[in-house]
Q: 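Structure below; questions to follow.
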Amino acid sequence: MRNVAKVTTAVLAAGALTLGLSACGSDKDSASDTSGPLIVAASPTPHAEILNFVKKNLAKKAGLDLEVKEFTDYVTPNTATEDGSVGANYFQNQPYLDDFNKKNGTHIVPVVTVHLEPLGLYSHKIKKVDDLKSGATIAVPNDTVNEARALKLLAADGLITLKDGAGNDATIKDIAKNPKSLKFKELEAAQTPRSLGDVDAAVINGNYAISSDLKPAKDALVLESAKDNPYGNFLAVKKGGEDDPRVKKLAKLLTSPEVKKFIEDKYDGSVIASF
């Protein structure tokens, strides 16, 4: 039996609508049945890759039955965790989760932070940021937190200036100064790598960059600093799931020396262990 299920966004969306956020799950759902496998929703890269390393090399010895489900969007992993379809997820950071819980009435909480994927600015048309011409178009993620994160990255490199007080919900309306008259194309985060042929540059989340054969540490024109970065990715559960013994085992394995070495060896600085 395959333990990794790749699920299309269309099917996931239909499932989410059918189940609804109010569904609590049956007595046999993934969240309540702690005797069964721990099913974890994850983005394919690097989250599912890291989980599958744990599954293959560490889980059996620790007595953990782990199943990994891959999701390509940033919504369904949380709704599936909320309704009990999965027991945990691994794909997001704290600002994103805070915004998601607030907007959707969900009750997802972090368990342990595992890694950071630095956000980067990429281009197929220029070799350095100084080559951006007046009026150039930059694609940015359109979800609240990642758009703000993208704008902060551009501001840190002097391409724009944000208004005082612009925070984790900043949008292009919060740009105070735009000396190159840059234009912005707001896209779903997963679509930003595909836009590189149509725009002058794109701000791309680390997981989508890696899955599109981009190497953040090498290919990014500008890369987010890892120092004091609030966007570490963590294992998360529905509130109350922190006490699940399976979750505790996985949290320990995800922050083990073996996983740290795997991250360092496989991603060569494009994914950074946070423990």
Side-chain angles (χ1 to χ4, degrees), residues 3-5 7 25 29-34 36-101 104 106-118 145 205-207 210 226 229-264 266-267 271-275:
N3 285 327
V4 179
V7 188
D29 69 22
S30 171
S32 62
D33 181 12
T34 60
L38 176 63
I39 304 174
V40 183
S43 297
T45 306
H47 310 79
E49 294 174 346
I50 295 170
L51 287 169
N52 282 317
F53 170 82
V54 170
K55 176 180 175 62
K56 181 178 179 180
N57 297 279
L58 306 173
K60 185 176 181 179
K61 185 177 180 180
L64 174 65
D65 187 0
L66 178 63
E67 184 175 336
V68 183
K69 282 193 174 183
E70 296 185 11
F71 292 77
T72 58
D73 70 301
Y74 282 169
V75 175
T76 318
N78 275 336
T79 59
T81 304
E82 180 75 11
D83 68 34
S85 301
V86 300
N89 68 56
Y90 174 33
F91 78 101
Q92 65 193 319
N93 57 57
Q94 191 68 58
Y96 179 85
L97 176 59
D98 289 343
D99 181 70
F100 191 95
N101 278 336
N104 295 281
T106 45
H107 309 85
I108 313 300
V109 296
V111 177
V112 65
T113 301
V114 181
H115 77 268
L116 170 71
E117 303 159 26
V145 171
N205 290 73
N207 60 315
I210 295 168
N229 193 304
Y231 297 105
N233 284 205
F234 46 67
L235 180 69
V237 296
K238 186 175 182 179
K239 189 173 183 179
E242 310 97 308
D243 296 327
D244 185 329
R246 302 169 303 168
V247 171
K248 290 183 177 181
K249 286 179 181 179
L250 180 56
K252 185 175 181 179
L253 294 177
L254 282 172
T255 53
S256 65
E258 293 89 344
V259 167
K260 185 172 186 177
K261 186 176 187 304
F262 172 77
I263 291 173
E264 292 172 346
K266 183 172 180 63
Y267 301 109
V271 177
I272 303 167
S274 299
F275 56 91

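We use all heavy atoms of the structure for the numbers below, so side chains are in, but hydrogens, waters and symmetry mates are not. The first residue in the sequence is number 1, and the count goes up from there.
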Q: Is there a side-chain contact between Val237 and Asp244 in this structure, where contact means two heavy atoms from C-beta onward sitting under 4.5 Å apart?
A: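 Val237 vs Asp244: side chains apart.
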Q: Show the nearest heavy-atom pair for residues Ile108 and Ala236, with the distance to one decimal.
A: CG2-CB, 3.7 Å
Q: Would you give the length of the straight line joining atom CD1 of Ile50 to atom CG of Leu254, rounded to the nearest 0.5 angstrom?
A: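 CG of Leu254 is found 7.5 Å from CD1 of Ile50.
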Q: What pairs with Glu242 under side-chain hydrogen bond (donor to acceptor under 3.5 Å, both in side chains), at least two apart in sequence or on another chain?
A: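 For Glu242, no residue satisfies side-chain hydrogen bond (donor to acceptor under 3.5 Å, both in side chains) once neighbours in sequence are set aside.
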Q: How would you list, by chain and number, every residue that makes a side-chain contact (heavy atoms from CB on, under 4.5 Å) with Ala226, sequence neighbours excluded?
A: Leu116, Ile272
Q: Can Asn207 and Tyr74 be counted as having a side-chain donor-acceptor contact under 3.5 angstrom?
A: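 On atom types as modelled, these side chains qualify, holding a pair under 3.5 Å.
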Q: What heavy-atom pair brings Val145 and Pro95 nearest, and what distance separates the two atoms?
A: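 Heavy-atom minimum between the residues: CG2-O, 3.2 Å.
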Q: Listed by chain and number, what are the side-chain contact (heavy atoms from CB on, under 4.5 Å) partners of Pro110, not counting sequence neighbours?
A: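 Pro110 satisfies side-chain contact (heavy atoms from CB on, under 4.5 Å) with Gln94, Leu97, Phe234 only.
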Q: Report the residues that fulfil ring-ring contact (aromatic ring centres under 6.0 Å, His included) with Phe262, sequence neighbours left out, ordered by chain and then residue number.
A: Phe53
Q: Looking at residues at least two apart in the chain, or sitting in another chain, which of them share a side-chain hydrogen bond (donor to acceptor under 3.5 Å, both in side chains) with Asn101?
A: Thr106
Q: Supply the atom-to-atom distance Leu250 CG to Leu38 CG, rounded to the nearest 0.5 angstrom.
A: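 Leu250 CG to Leu38 CG: 6.0 Å, rounded to 0.5 Å.
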Q: Do you know which two heavy atoms are closest between Ala59 and Leu253, and how far apart they sit?
A: CA-CD1, 4.0 Å
Q: Keeping Lys239 on the side-chain end and His107 on the backbone end, is there a donor-acceptor pair under 3.5 Å?
A: no
Q: I need the Phe100 CZ to Gln92 CD distance, nearest 0.5 Å.
A: 8.0 Å
Q: side-chain contact (heavy atoms from CB on, under 4.5 Å), that's the test. Do Thr79 and Asn104 meet it? Break it down for me.
A: CA-CA 9 Å; Thr79 59; Asn104 295 281; 5.9 Å; no
Q: Taking all heavy atoms of Ala42 and all of Ala48, pick out the closest pair and write down the distance.
A: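 Minimum heavy-atom contact is CB-N, 3.9 Å.
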Q: The criterion is side-chain hydrogen bond (donor to acceptor under 3.5 Å, both in side chains); which residues satisfy it with Tyr96, sequence neighbours excluded?
A: none
Q: Over all heavy atoms of both residues, which pair between Pro44 and Glu70 is shortest? Give the atoms and the distance, please.
A: CB-OE1, 3.6 Å
Q: Hey, what do you get for CG (Leu235) to CG (Asn89), rounding to the nearest 0.5 Å?
A: 7.5 Å
Q: Going through the checks in order, is the side-chain contact (heavy atoms from CB on, under 4.5 Å) test met by Phe275 and Thr113?
A: CA-CA 7 Å; Phe275 56 91; Thr113 301; over 6 Å; no
Q: Indicate yes or no: at least one non-hydrogen side-chain atom of Val259 is less than 4.5 angstrom from one of Leu58.
A: yes
Q: Mind checking side-chain contact (heavy atoms from CB on, under 4.5 Å) for Ala80 and listing every partner two or more places apart, or none if nothing turns up?
A: Ser85, Val86
Q: Would a distance-only check, ignoring hydrogens and angles, find a side-chain to backbone donor-acceptor pair under 3.5 Å from Lys249 to Gly63?
A: yes
Q: For a quick test of reading the model, state the closest non-hydrogen atom pair linking Ala251 to Val112 and the distance between them.
A: CB-CG1, 3.7 Å
Q: Could you tell me which residues satisfy ring-ring contact (aromatic ring centres under 6.0 Å, His included) with Tyr90, sequence neighbours excluded, listed by chain and number?
A: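 Partners of Tyr90 under the ring-ring contact (aromatic ring centres under 6.0 Å, His included) test: His47, His115.
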Q: Under the criterion side-chain contact (heavy atoms from CB on, under 4.5 Å), I'd like the reasoning laid out for Lys252 against Lys248: C-alpha separation, chi angles, the key distance, then a yes or no.
A: CA-CA 6 Å; Lys252 185 175 181 179; Lys248 290 183 177 181; over 6 Å; no
Q: Any luck finding a side-chain donor-acceptor pair between Asn57 and Glu258 under 3.5 Å?
A: no
Q: What distance do Lys238 atom NZ and Thr81 atom OG1 have between them, rounded to the nearest 0.5 Å?
A: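 The distance works out to 10.0 Å.
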Q: Once side-chain hydrogen bond (donor to acceptor under 3.5 Å, both in side chains) is applied, do any residues pair with Lys261, and if so which ones, sequence neighbours excluded?
A: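 With sequence neighbours excluded, Lys261 shows a side-chain hydrogen bond (donor to acceptor under 3.5 Å, both in side chains) to Asp265, given in chain and number order.
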Q: With rounding to the nearest 0.5 Å, note down the distance linking OG1 in Thr45 to NZ in Lys266.
A: 8.0 Å
Q: Within the side chain of Arg246, is there an N or O that forms a donor-acceptor pair under 3.5 Å with the backbone of Gly36?
A: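 Present.
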